[in-house]
Amino acid sequence: MLPDAFRTAGSASFSDFLTQHAPDQMPGAQVERTGALEGATHGTTIVAATFPGGVVMAGDRRATMGNVIAQRDIQKVFQTDEYSCVGIAGTAGLAVEMTRLFQVELEHYEKIEGTVLSTEGKANRLATLIRGNLGMAMQGLAVVPLFAAYDLDLGVGRIFAFDVTGNRNEERTFHSVGSGSLFARGSLKKLYRDDLSERDTVTAAVQALYDAADDDSATGGPDLARRIFPMVAVITADGFRAYPDAETAAIADQVVAARLTAPDGPSAPLI
Amino acid sequence: MTQQFYVSPEQLMKDRADFARKGIARGRSVTVVQYADGILFVAENPSQALHKISEIYDRIGFAAVGRYNEFENLRIAGVRLADLRGYSYDRRDVTGRSLANAYAQTLGTIFSSGGEKPYEVELFVAELGTEPAGDQIYRLTYDGSVADVRGWGVMGGTTEPVEQWFTDHYAPDLDLGSALRLARTALGHDDAAPREVPAESLEVAVLDRTRGQLRKFKRVPDATVAELLNGA
């Protein structure tokens, strides 16, 4: 017979259910809370930018473990439901687990309530999950996701950034998280315009990641030899779409070709 | 001291079964039909909000008749069970068979325990295979017994004439429109005089093998239902 926890009425939250019924399966629950940890894999830079009718999110493909490159083709941008995605920076193991929990959380709510959460509702749930990881963050195992969604009610793409305490703030135009985020953000600041087309927005994101990789050792640039390029997601009124690899490769090739003559990338007018 | 009257176990179970059966027969029927691209669920349900048909997981659908609060309770338990299993292991490890087993255990225990009244519900748990031959449909009754369903199944309300209609008219590999029209006509045969079930009071959903996403369950909106019904 199904245990009582399964038949208790009231909650549409999977993480609440998990906390009560199987707390050992919450992300970070099994780790002994002592001392700092060496050898955890870290994800690096994520950028997101809105355009008329949607939002683009892109992430580089490098994961680092101290000074070592742990993985060259890690996936850091995840679809979380039909109209949203999460990009992760920070401790990869915890971040991937948190993203998985967040995916189930959204789907669980959708199935139980028969309706989807509002965009703010989704962002708030993610904030709660991040706050739950605060203990780990204080030991250096921080998870800092970037959340992007297409808001069906408002008809616009939206970006939400978080800090380790779960403070969420909405960015109207573009944002970046991770070790290379300072450089990516500076780059986007000069390249971003709010009337860019979808493809141009993807190009701006790839440029920003190139700039991040240029100045941050933990961010991976386009790997021309292995043909590994940033992972790009686009969300519009038609839902989430992984931007085709071939398209991203073509854009990355263009960006790299232009950098051969102008290594610092396109320049903006002074005034 | 008061003395309890002796009631034989046979009589006790029979009374409980009669009680549950009466409750279930009061509502309208729900039917499940295998068609060329998947599994179709059709229920006569005037309510747009209180569903009799629901998604449990990627390839698993759920349909119920009887008392709403009881089957809703089981539905939520099923979603929790499936999501927990998918989260702990992998999405592919969530199967209709294990869900049907969990339901059977639960219904069976409640039916035979003296403390609770038996649940007045019957359920379909359908799992979509990668090939039509892999489709599995289970029918669970109030006492926890499980039956395999092939081709089509009906439960709730007055089932005999509806079943008869399916026996006479069902053919495998129907397209979606034909399967829906067949189900609607069959559901209309629950009375002495066959009636036409109004399109707007049909609740329709499919597990569609051709759907490009992991989640194969899809509610069919009213407009599409009307279109399919008229497409004869």
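Chain A is the first sequence line, chain B the second, and so forth, proteins listed ahead of strands; every chain is numbered from 1.
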A:Ala5, part contacting chain B, at a heavy-atom distance under 4.5 Å: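 When you check distances to chain B, only backbone atoms of A:Ala5 fall under 4.5 Å.
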Residue part contacting chain B, namely of A:Leu2, when any heavy atom lies under 4.5 Å: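 Both backbone and side chain of A:Leu2 come within 4.5 Å of chain B.
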Are there donor-acceptor atom pairs under 3.5 Å between chain B and chain A, and if so which?
residue	atom	partner	partner atom	Å
B:Ile56	O	A:Lys111	NZ	2.8
B:Asn73	ND2	A:Arg7	O	3.0
B:Arg75	NH1	A:Lys111	O	2.9
B:Arg75	NH2	A:Ile112	O	2.9
B:Arg80	NH1	A:Ala5	O	3.2
B:Arg80	NH1	A:Phe6	O	3.1
B:Arg80	NH1	A:Thr8	O	2.8
B:Arg80	NH2	A:Thr8	O	3.2
B:Arg80	NH2	A:Ser11	O	3.0
B:Asp83	OD1	A:Lys111	NZ	3.0
B:Asp83	OD2	A:His108	ND1	2.6
B:Tyr87	O	A:Arg100	NH2	2.5
B:Tyr87	OH	A:Gln25	O	3.4
B:Tyr87	OH	A:Glu97	OE2	3.3
B:Ser88	OG	A:Gln25	OE1	2.8
B:Ser88	OG	A:Gln25	NE2	3.4
B:Arg91	NH2	A:Glu107	OE1	2.8
B:Arg91	NH2	A:Glu107	OE2	3.1
B:Thr106	OG1	A:Leu2	N	3.1
B:Tyr119	OH	A:Arg7	NH1	3.1
B:Arg215	NH2	A:Glu110	OE2	3.2

Can you list the residues that meet the ring pair (Phe, Tyr, Trp, His ring centres under 6.0 Å) rule with A:Phe147, with sequence neighbours excluded?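 Checked A:Phe147 against ring pair (Phe, Tyr, Trp, His ring centres under 6.0 Å); matches are A:Phe102.
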Answer with side chain, backbone, both or neither: which region of B:Leu107 has an atom nearer than 4.5 Å to a non-hydrogen atom of chain A?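 Neither part.
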Within a reach of under 6.0 Å around CE of A:Met138, are more than 12 heavy atoms found that belong to other residues, nucleotides or ligands?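 Counting neighbours around CE of A:Met138, 12 or fewer heavy atoms of other residues, nucleotides or ligands fall under 6.0 Å, so no.
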Looking at every heavy atom in both B:Leu84 and A:Phe6, which two are closest together, and how far apart are they?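 Looking at all heavy atoms of both residues, the shortest contact is CD2-CZ, 4.0 Å.
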